[in-house]
Protein chains: 2
Amino acid sequence: MNIGEVATASGLPAKTIRYYEDIGLLRAARGANGYRHFDDRDVRMLSFVSRARSLGFSIDDCRSLLSLYADRDRASADVKRIAREHLTGIAKKITELEAMRDTLEDLVSRCQGDDHPDCPILDGLAGAEVPQ
Amino acid sequence: MNIGEVATASGLPAKTIRYYEDIGLLRAARGANGYRHFDDRDVRMLSFVSRARSLGFSIDDCRSLLSLYADRDRASADVKRIAREHLTGIAKKITELEAMRDTLEDLVSRCQGDDHPDCPILDGLAGAEVPQ
DNA sequence: CATAATCCTTCCAGTAGATGGAAGGTCAAG
DNA sequence: CTTGACCTTCCATCTACTGGAAGGATTATG
C-alpha cells in the first residue's frame with residue numbers, strides 16, 4: 001500500500017503520516033522507487049493513533065500507548081494509569097471551559113447589543129465587577 | 001513604570017508583554033536608557049487582554065475587542081457578536097471534551113487495571129466495538 | 001508512444017502563543 | 001566598587017501539524 005491508500009484507510013492525511021515517521025512514531029518500509037509502503041499492521045497502528053489523538057491523547061501518550069499495545073506482557077494497570085491521568089486533564093479543561101462559558105454568557109446577557117456604546121461585555125473584560 | 005511592575009500589576013509575565021509588543025498588540029514608550037515604560041492606561045489595557053485571553057479569546061479577538069474598547073462610538077452589538085461567536089466555539093469544545101470523557105470513562109471502567117494483559121482500553125483504541 | 005493527470009518524494013516555512021536561555025547593558029544598595 | 005536585581009535583544013524551542021514549491025514516478029488517455 002502506498003501512503004495515499006493508508007491515509008484513506010487510517011483516516012489520517014498523508015502529510016500527517018509522513019510527519020509521524022519524521023518524529024519517529026513509526027518506521028515505514030521503502031520500495032525501489034523510494035515510495036513508502038505499508039502493510040495492514042501499519043494501518044492498524046495508524047488507526048490506533050488516529051483514535052487516541054481524537055480522544056485528545058498527546059503524541060507522547062500515543063508513544064506510551066503504542067509500546068504498551070505492542071507489549072504482550074504489559075499490565076493493564078499501566079494503560080489504566082495513563083488513561084486516568086488523561087481523564088483528569090479532560091475534566092479540568094471541561095471545568096475551565098464551563099467557567100469561561102458562564103462568565104461570558106453572563107456578560108452577553110447583560111449586553112443590549114444595540115447601537116449604543118454602553119457595553120457590559122467590555123466593562124466586564126476591563127475588570128469591572130461582575131457579581132454572581 | 002518598568003516592565004516588571006506592569007507585569008505584576010497586569011498579571012502577565014514580562015516576557016508575554018514584550019511578545020505582545022512584538023506582534024503589535026501594543027506600543028510601549030521608551031526611556032533614555034532603552035527601558036520600556038508604561039502608564040496606567042497601558043496597565044488597564046494589558047489587564048483587559050489578560051482577562052480576555054483567560055476567557056479563551058484569541059489574540060486576534062483581543063485586537064478587535066481592544067479597538068472596540070478604544071472606540072467611544074462603537075455599537076455594543078459589535079462586541080456582542082464577537083462574544084457570541086466565541087461562546088459558540090466554547091460550547092463546541094465542551095461538547096467534544098465531554099464526548100472524549102465519556103468514551104474514555106467507559107473504557108477505563110471496563111479495565112481491570114491489574115497485572116493481566118487484557119485491556120479494554122487498548123482494545124477500544126485499536127478499534128474494537130465499544131457498545132454504548 | 002506521447003502527454004497529461006495524479007501520486008509520490010524532500011525540504012522549507014509558517015501557524016498560535018508564548019516560553020527559555022544566552023549575552024550583555026543599567027541601576028540601586030551596601 | 002561590587003553585587004544582585006532588573007532590563008535589553010535575539011535566537012531557539014514547544015505542539016502537532018499544514019501548505020507549498022520543486023521535481024521524480026506512475027497511471028490513464030488519446
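Basis for what follows: all heavy atoms, side chains included, without hydrogens, waters or symmetry-related copies. Throughout, protein chains are lettered first and strands after them, A, B, ... in sequence-line order, and every chain is numbered starting at 1.
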Please check the phosphate of D:dA16 (OP1 and OP2 only) for any side-chain N or O of A:R18 closer than 4.0 Å. no

What is the separation between atom OH on B:Y20 and atom C1' on C:dA18, rounded to the nearest whole Å? 8 Å

Rounded distance (Å) that lies between atom C1' of C:dT10 and atom CG of A:D22: 10 Å

If I take atom CG in residue A:D61 and atom C1' in nucleotide D:dA16, what distance separates them, rounded to the nearest angstrom? 13 Å

Under-4.0 Å salt bridge between B:R110 and B:D106: yes

Please classify the nucleic acid contact of A:I23 as base, sugar-phosphate, or nothing, using heavy-atom distances under 4.0 Å. nothing

Donor-acceptor under 3.5 Å (A:T16 side chain, A:L12 main chain): no

Here the distance between atom P of C:dG17 and atom CG of B:L25, to the nearest Å, is 10 Å

Nearest whole angstrom, please: distance from the P of C:dG25 to the CZ of B:R30. 17 Å

Measure from the side chain of A:R53, starting at C-beta and using heavy atoms only, and say which of C:dG17, D:dC17, C:dC8 lies closest. D:dC17

Can you hop from A:V43 to A:Y35 via hydrophobic side chains spaced under 4.5 Å? no

Let's see if you can work this out: which of C:dT19, D:dT26, D:dC7 has an atom nearest to the side-chain heavy atoms of A:Y35? D:dT26

Between D:dG19, D:dC17, C:dG17, which nucleotide has the shortest distance from any of its atoms to the side chain of A:K15? D:dG19

To the nearest Å, how far apart are A:E21 CD and D:dC17 C1'? 16 Å

Report the distance from atom CD1 of A:I59 to atom C1' of D:dC14, rounded to the nearest whole Å. 13 Å

Winner on side-chain proximity to A:T16, out of D:dC7, D:dT18, C:dA18, is D:dT18

For A:F38 and A:N2, run side-chain contact (heavy atoms from CB on, under 4.5 Å): C-alpha distance rounded to whole Å, both residues' side-chain angles, the deciding distance at 0.1 Å, then the answer. CA-CA 6 Å; A:F38 303 86; A:N2 285 342; over 6 Å; no

A:E21 with A:R36: basic N within carboxylate O range, under 4.0 Å: yes

How do A:G4 and B:Y19 order along DNA chain C: which one's closest nucleotide is nearer the 5' end? A:G4

In whole Å, what is the span from the CG atom of B:D60 to the C1' atom of C:dG17? 12 Å

If you check the A:R36 side chain, which of C:dG17, C:dT10, D:dG24 turns out closest? C:dT10

Counting only side-chain N and O atoms of A:N33, is one of them less than 4.0 Å from OP1 or OP2 of D:dG24? no

